[in-house]
Amino acid sequence: MREIVVGAAQMGPIQRDEPREAAVARMVGLLERAAREGCGLVVYPELALTTFFPRWTMTDDAEIDFWMEREMPGAATRPLFKRARALGVAISFGYGELTPEGRRFNTSILTDRAARIVGKYRKIHLPGHVEHDAARAFQHLEKRYFEPGDLGFPVWRSLGGVMGMLICNDRRWPEAWRVLGLQGVEMVLLGYNTPATNSQRAAEGPEERLFHHRLSIQAGAYQNATWAVAVAKAGVEDGHPLIGGTAIVHPDGQIVAEAAGEGDELIIHPCDLDATVFGKRTIFDFARHRRPEHYRMIVERTGAVPPSGADEHSHPAPEAVGTK
Ligand code: ING
């Protein structure tokens, strides 16, 4: 039994004009509650310190860099690290990263229980678009403000197990989960900010968004025999709704804990990392069952390429012989 009591700390909305210090104070409040409940790890959302700023069109570098952190921990986040160390609780959260070279990434970190950063991940699957798109109900400019991550999908031995991280859109791509699975991941931590509506398909509302969210994290966890801790920034930010649905998923795919609302909300579950063993040794014993020699296309081909030529059954059937 290798148990981690995990706190998934959903955060409600952060308005564009709210300072980082306000978000950090809310994170510390959630951390205190989690510590009182015996949590050893608290997971926060993607871009946990600010509003989801990729919904806004910005052209000026200084304006964009305002939303990024130049150091971690920095002045605004130091109180969180200090409190986590005092309480002996590991934390994971997402933020916009500005490197000394001026590169921008959508980043998440994981600390140990002494608040030392043991892992960093930079979001690889960036959804949305680069240029302002007036046809959209709202913008989604992650491809404009961030580079694709350059750290791959690493895992770390920490908290008694093998930990990995994904960020938001990554959860929709089975390849991302499988690369972690091929490194023996036992718990995937992922924050997200998911708009409750599709900027290009008005008919797609929160229920369908929540369906695809649950489908993605349950499939990812089950098909790689790993725990998943998916944590939302939720609620309405400057008029733009984000889904809730923060959830902890068992390695067998069941959701074992789920947030009910769209505000700051802590859901807690005792996660036994040994619950991953049965799946890894039977159904998803990769060494015994996978056939990589047939998977080459997954790595060599980026976009889908349908077969050439006509559908051999599409032309009308020739007159049947002998029916006259
Ligand atoms: N947000 C969304 C997500 O992947 C999205 C964007 C929503 C893409 C729904 C496709 C469909 O959950 C982020 N931040 O990636």
Side-chain angles (χ1 to χ4, degrees), residues 8 10-14 16 23 43-58 64 67-68 92-97 104-108 121-133 135-149 153 165-177 188-221 228-238 240-247 249 255 258-259 262 303-304:
Q10 174 174 293
M11 293 173 69
I14 301 177
R16 185 157 63 168
V43 185
Y44 297 101
E46 169 192 31
L47 296 176
L49 307 176
T50 66
T51 197
F52 185 68
F53 58 85
R55 70 166 66 89
W56 304 112
T57 302
M58 296 177 276
I64 298 167
W67 299 104
M68 308 288 166
S92 176
F93 66 90
Y95 61 94
E97 177 189 9
R104 302 182 186 119
F105 296 100
N106 186 340
T107 296
S108 65
Y121 168 67
R122 290 168 170 165
K123 184 176 184 179
I124 286 172
H125 296 94
L126 297 171
H129 47 109
V130 177
E131 298 304 331
H132 181 89
D133 180 352
R136 287 170 178 255
F138 52 88
Q139 305 302 304
H140 196 124
L141 293 162
E142 289 191 63
K143 289 186 194 293
R144 183 187 186 92
Y145 300 138
F146 301 118
E147 291 180 46
F153 296 104
M165 285 188 278
L166 295 176
I167 300 177
C168 204
N169 196 256
D170 287 321
R171 73 192 187 285
R172 303 177 192 277
W173 301 93
E175 302 91 324
W177 292 88
V188 177
L189 315 178
L190 68 97
Y192 61 94
N193 290 206
T194 299
T197 57
N198 187 321
S199 62
Q200 298 174 290
R201 186 164 69 177
E204 184 178 328
E207 273 321 305
E208 189 164 4
R209 287 269 151 132
L210 280 161
F211 167 70
H212 290 145
H213 157 67
R214 294 185 185 107
L215 183 66
S216 302
I217 61 177
Q218 287 181 269
V229 183
V231 185
K233 168 115 73 50
V236 181
E237 295 190 330
D238 298 287
H240 297 277
L242 298 168
I243 62 169
T246 292
V249 186
I255 291 178
E258 188 169 30
E262 295 186 348

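Values below: every heavy atom of this structure, side chains too, minus hydrogens, waters and symmetry copies. Quick note: residue numbers are just sequence positions, from 1. Indexing begins at 1, ligand by ligand and atom by atom, following the structure's order.
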N/O contact list for ligand 1, threshold under 3.5 Å:
{"unit_1": "ligand 1", "atom_1": "1 (N)", "unit_2": "Asn193", "atom_2": "O", "d": "3.0"}
{"unit_1": "ligand 1", "atom_1": "4 (O)", "unit_2": "Asn169", "atom_2": "ND2", "d": "2.8"}
{"unit_1": "ligand 1", "atom_1": "4 (O)", "unit_2": "Arg172", "atom_2": "NE", "d": "2.9"}
{"unit_1": "ligand 1", "atom_1": "12 (O)", "unit_2": "Arg171", "atom_2": "NH1", "d": "3.1"}
{"unit_1": "ligand 1", "atom_1": "12 (O)", "unit_2": "Arg172", "atom_2": "NH2", "d": "2.8"}
{"unit_1": "ligand 1", "atom_1": "12 (O)", "unit_2": "Thr194", "atom_2": "OG1", "d": "2.6"}
{"unit_1": "ligand 1", "atom_1": "14 (N)", "unit_2": "Glu46", "atom_2": "OE1", "d": "3.3"}
{"unit_1": "ligand 1", "atom_1": "14 (N)", "unit_2": "Lys123", "atom_2": "NZ", "d": "3.4"}
{"unit_1": "ligand 1", "atom_1": "14 (N)", "unit_2": "Glu142", "atom_2": "OE2", "d": "2.9"}
{"unit_1": "ligand 1", "atom_1": "14 (N)", "unit_2": "Asn193", "atom_2": "O", "d": "3.2"}
{"unit_1": "ligand 1", "atom_1": "15 (O)", "unit_2": "Lys123", "atom_2": "NZ", "d": "3.1"}
{"unit_1": "ligand 1", "atom_1": "15 (O)", "unit_2": "Glu142", "atom_2": "OE2", "d": "3.4"}
{"unit_1": "ligand 1", "atom_1": "15 (O)", "unit_2": "Asn169", "atom_2": "N", "d": "3.4"}

Ring geometry between Phe53 and Trp67 (parallel below 30°, tilted from 30 to 60°, perpendicular above 60°): parallel

To the nearest 0.5 Å, what is the distance between NE2 on His125 and NZ on Lys143? 9.5 Å

Determine whether Pro54 and Phe146 make a side-chain contact, defined as any pair of heavy atoms from C-beta on separated by less than 4.5 Å. yes

May I ask you to check whether Glu142 and His140 show a side-chain donor-acceptor distance below 3.5 Å? yes

In terms of relative ring orientation, are His240 and Trp56 parallel, tilted or perpendicular, with 30° and 60° separating the classes? perpendicular

Student check: side-chain heavy atoms of His213 and Thr194 closer than 4.5 Å: no

